J.: 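Structure provided below as structure tokens; questions to follow.
Computation of the quantities below employed the complete heavy-atom set of this structure, encompassing side-chain atoms and omitting hydrogens, waters and symmetry-equivalent molecules. Quick note on labels: first sequence line is chain A, next is B, and so on, each numbered from 1. Predicted model, so just to flag it, every value in this text is computed and none were measured.
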Amino acid sequence: KETLERVEFLKAQMAELELREQELDSQKAWLQQSIESMTQDPVDSRFKYVTHEDICNAFNGDTLLAVIAPSGTQLEVPVPEMGQSGQKKYQVNLRSQSAPIQVMLINRE
Amino acid sequence: AQECQNLELEKQKRMERIRQKRAQLQELILQQIAFKSLVQRNQASEASSQAPPPPGSVIQLPFIILNTSVRTVIDCSISNDKCEYLFNFDNTFEIHDDIEILKRMGMSLGLENGKCSPENLRVAKSLVPKSLETYVTGMASGSTHTSSLSGLCGDQDC
Amino acid sequence: SCVTPNSAYTYKFNGSPSKELSDINRMIRQGGV
């Protein structure tokens, strides 16, 4: 009897969780659409920029490379390996199939 | 008993899926709020300065940032058509997308780490539709998204 | 051009979630472990 009651209880819970999941799915889809339309909106997209000052303030004194690349550009980071000199080499390579990539060196100076 | 066991397993899976979807939704809410805050800030600064910033001093979204110590030597090779870049660093580096930069600029109003002032919470709520305000309130108080599920399930293993 | 080694972490602009960058940063921080 106890197990039967537990089964009924779980079924009720599953029904509620299913509703919750559907609600999350629809909210997520709506938000993705809203963010997409923001990027397409001519007025909003005109103001979607950050200043060099903003970026320098976000990193305390590092050397910064800002990369502006076409959609679909692939960035690869091989697992660092030890070089002949005994020092690890860290590598990033960028590959675009459609248009040139812009890279800008930014630092406070 | 077998059905009960199957339902328990199915429930755990569904709850884990809901937890992940809720985290993804919260990340999207942060993005929406950060983008809208940025647009509002730039609109206000252009209105006060009566002019857009010089084109060379700003970077349009989307972009990513490679950051490394100022002492790092960076060796860069670029293909003629500028479609391929190869960077060699002699020290560690980090890579961040523009959303991370906006968070560091405070454009997500402290929601990402649960440190949101009442005034910022009011502004954040105004940037999302009413149906999502409960998420914003939850993020502002730093409550983990599992707590909201416990109310739904009502038993210990939540 | 570069040949992609099979033990490379990748990220696609406007295609990958921010988490992929966090994974790369964690891997670099841990020295490629």
Side-chain angles (χ1 to χ4, degrees), chain A residues 3 6-7 9-11 13-14 16-18 20-21 24-25 27-28 30-32 34-35 38-39 44-45 47-55 57-59 61-69 75 77 80 87-104 106-107, chain B residues 1 3-4 7-8 10-11 14-15 17-18 21-22 24-25 28-29 31-32 35-36 38-39 42-43 46 53 57-70 72 74 76 81-93 95 98 101-102 104-105 129 131-132 149 152-154:
Chain A
T3 304
R6 181 69 182 163
V7 165
F9 179 69
L10 284 170
K11 281 181 178 178
Q13 276 187 323
M14 289 300 285
E16 284 196 35
L17 287 176
E18 188 168 353
R20 174 57 73 93
E21 188 168 6
L24 278 171
D25 287 340
Q27 285 170 335
K28 184 181 171 188
W30 183 91
L31 253 179
Q32 282 169 333
S34 168
I35 290 172
M38 265 191 74
T39 50
D44 279 351
S45 57
F47 293 104
K48 270 178 71 186
Y49 58 78
V50 294
T51 65
H52 293 177
E53 192 66 27
D54 290 328
I55 294 178
N57 289 340
F59 297 90
D62 278 0
T63 294
L64 307 171
L65 294 174
V67 178
I68 297 137
L75 177 147
V77 177
Q87 198 177 4
K88 274 201 173 172
K89 276 272 177 210
Y90 301 90
Q91 193 178 79
V92 173
N93 48 56
L94 297 165
R95 191 177 298 128
S96 163
Q97 305 292 337
S98 54
I101 300 165
Q102 296 175 59
V103 178
M104 190 184 306
I106 298 177
N107 59 30
Chain B
E3 185 181 5
C4 189
L7 279 171
E8 291 280 9
E10 198 182 324
K11 186 187 101 175
R14 186 170 296 265
M15 282 181 62
R17 238 193 358 255
I18 285 176
K21 288 184 177 180
R22 187 180 173 84
Q24 291 162 7
L25 186 68
L28 286 173
I29 288 174
Q31 279 184 37
Q32 167 111 332
F35 281 152
K36 288 198 170 188
L38 178 68
V39 168
N42 290 341
Q43 279 172 334
E46 287 197 17
S57 71
V58 296
I59 294 179
Q60 285 283 330
L61 275 70
F63 61 87
I64 64 165
I65 294 286
L66 291 165
N67 67 292
T68 185
S69 158
V70 76
T72 302
I74 305 174
C76 178
D81 59 4
K82 291 219 172 75
C83 285
E84 274 195 56
Y85 283 70
L86 175 63
F87 297 103
N88 278 296
F89 300 78
D90 70 352
N91 200 343
T92 58
F93 60 82
I95 308 175
D98 42 21
I101 311 305
L102 295 186
R104 294 188 184 204
M105 288 166 57
S131 61
L132 297 177
L149 274 180
L152 182 67
C153 300

J.: Could you tell me whether a side-chain N or O of B/Tyr85 sits under 3.5 Å from a main-chain N or O of A/Ile101, the two making a donor and an acceptor?
T.: yes
J.: Can you name the nearest heavy-atom pair linking A/Met38 to B/Phe35, along with the distance?
T.: CE-CB, 3.5 Å
J.: Could you tell me which non-hydrogen atom of A/Ile68 sits nearest to which non-hydrogen atom of B/Pro62, and how far apart they are?
T.: CG2-O, 4.2 Å
J.: Considering non-hydrogen atoms only, spot the tightest contact between B/Gln60 and A/Ser45 and give its length.
T.: OE1-O, 3.4 Å
J.: Could you state the interatomic distance from CG (A/Leu64) to CD1 (B/Ile59), rounded to the nearest 0.5 Å?
T.: 9.0 Å
J.: Please round to the nearest 0.5 Å and tell me the distance separating atom NZ of B/Lys21 and atom CZ of A/Arg20.
T.: 13.0 Å
J.: Can you tell which part of A/Ala69 gets under 4.5 Å to a heavy atom of chain B, answering side chain, backbone, both or neither?
T.: neither
J.: CD1 of A/Ile35 to CD1 of B/Ile29: how many Å apart, nearest 0.5 Å?
T.: 9.5 Å
J.: At what distance, to the nearest 0.5 angstrom, does CG of B/Leu38 lie from CG of A/Asp44?
T.: 10.0 Å
J.: Carefully, step by step, assess B/Glu46 and A/Phe47 under the rule side chain to side chain contact (heavy atoms under 4.5 Å, CB included).
T.: CA-CA 9 Å; B/Glu46 287 197 17; A/Phe47 293 104; 3.5 Å; yes
J.: Please classify the contact of B/Ile65 with chain A as side chain, backbone, both or neither, using a heavy-atom distance under 4.5 Å.
T.: both
J.: Evaluate B/Thr68 against A/Tyr90 for side chain to side chain contact (heavy atoms under 4.5 Å, CB included), listing each step before the verdict.
T.: CA-CA 11 Å; B/Thr68 185; A/Tyr90 301 90; over 6 Å; no
J.: Pick one of side chain, backbone, both or neither for A/Asn57, based on which atoms fall under 4.5 Å of a heavy atom in chain B.
T.: neither
J.: Considering only heavy atoms and a distance below 4.5 Å, find which of A/Asp54, A/Leu75, A/Leu65 pairs most often with chain B.
T.: A/Leu65
J.: Let me see the working for B/Leu28 and A/Gln32 under side chain to side chain contact (heavy atoms under 4.5 Å, CB included), right down to the final yes or no.
T.: CA-CA 7 Å; B/Leu28 286 173; A/Gln32 282 169 333; 3.6 Å; yes
J.: I need the residue from A/Ile106, A/Thr39, A/Asn107, A/Val7 with the largest number of non-hydrogen atom pairs under 4.5 Å to chain B.
T.: A/Val7
J.: Please walk me through it: do A/Thr63 and B/Phe93 pass side chain to side chain contact (heavy atoms under 4.5 Å, CB included)?
T.: CA-CA 10 Å; A/Thr63 294; B/Phe93 60 82; over 6 Å; no
J.: Indicate yes or no for a side-chain donor-acceptor contact from B/Asn42 to the backbone of A/Tyr49 under 3.5 Å, with no hydrogens or angles considered.
T.: yes
J.: Could you pull out the closest heavy-atom pair between A/Ala58 and B/Arg104, with the gap in Å?
T.: O-NH1, 3.0 Å
J.: What part of A/Asp25 lies closer than 4.5 angstrom to a heavy atom of chain B: side chain, backbone, both or neither?
T.: side chain
J.: Name the option with the most non-hydrogen atom pairs under 4.5 Å to chain B; the candidates are A/Lys89, A/Met104, A/Gln27.
T.: A/Gln27
J.: Give, for atom CZ of B/Phe89 and atom CD of A/Gln91, the distance between the pair rounded to the nearest 0.5 Å.
T.: 10.0 Å
J.: For B/Gln32, is it the side chain, the backbone, both, or neither that has a heavy atom closer than 4.5 Å to a heavy atom of chain A?
T.: both
J.: Heavy-atom pairs under 4.5 Å with chain A: which of B/Ile95, B/Thr92, B/Ile101 has the most?
T.: B/Thr92
J.: Which one of B/Cys76, B/Ala1, B/Ser57 has the most heavy-atom pairs closer than 4.5 Å to chain A?
T.: B/Ser57
J.: Relative to chain B, which segment of A/Glu18 carries a heavy atom at a distance below 4.5 Å: side chain, backbone, both, or neither?
T.: both
J.: Would you compute the distance between atom CE of A/Met14 and atom CE of B/Met15 and round it to the nearest 0.5 angstrom?
T.: 10.5 Å
J.: If I measure from the heavy atoms of chain B, does A/Val103 come under 4.5 Å with its side chain, its backbone, both, or neither?
T.: both
J.: Among B/Asn88, B/Thr72, B/Leu102, B/Asp81, which residue forms the greatest number of heavy-atom pairs with chain A at distances under 4.5 Å?
T.: B/Asn88
J.: For each of A/Val77, A/Leu31, A/Thr3, tally heavy-atom pairs with chain B at distances under 4.5 Å, and name the one with the top tally.
T.: A/Leu31
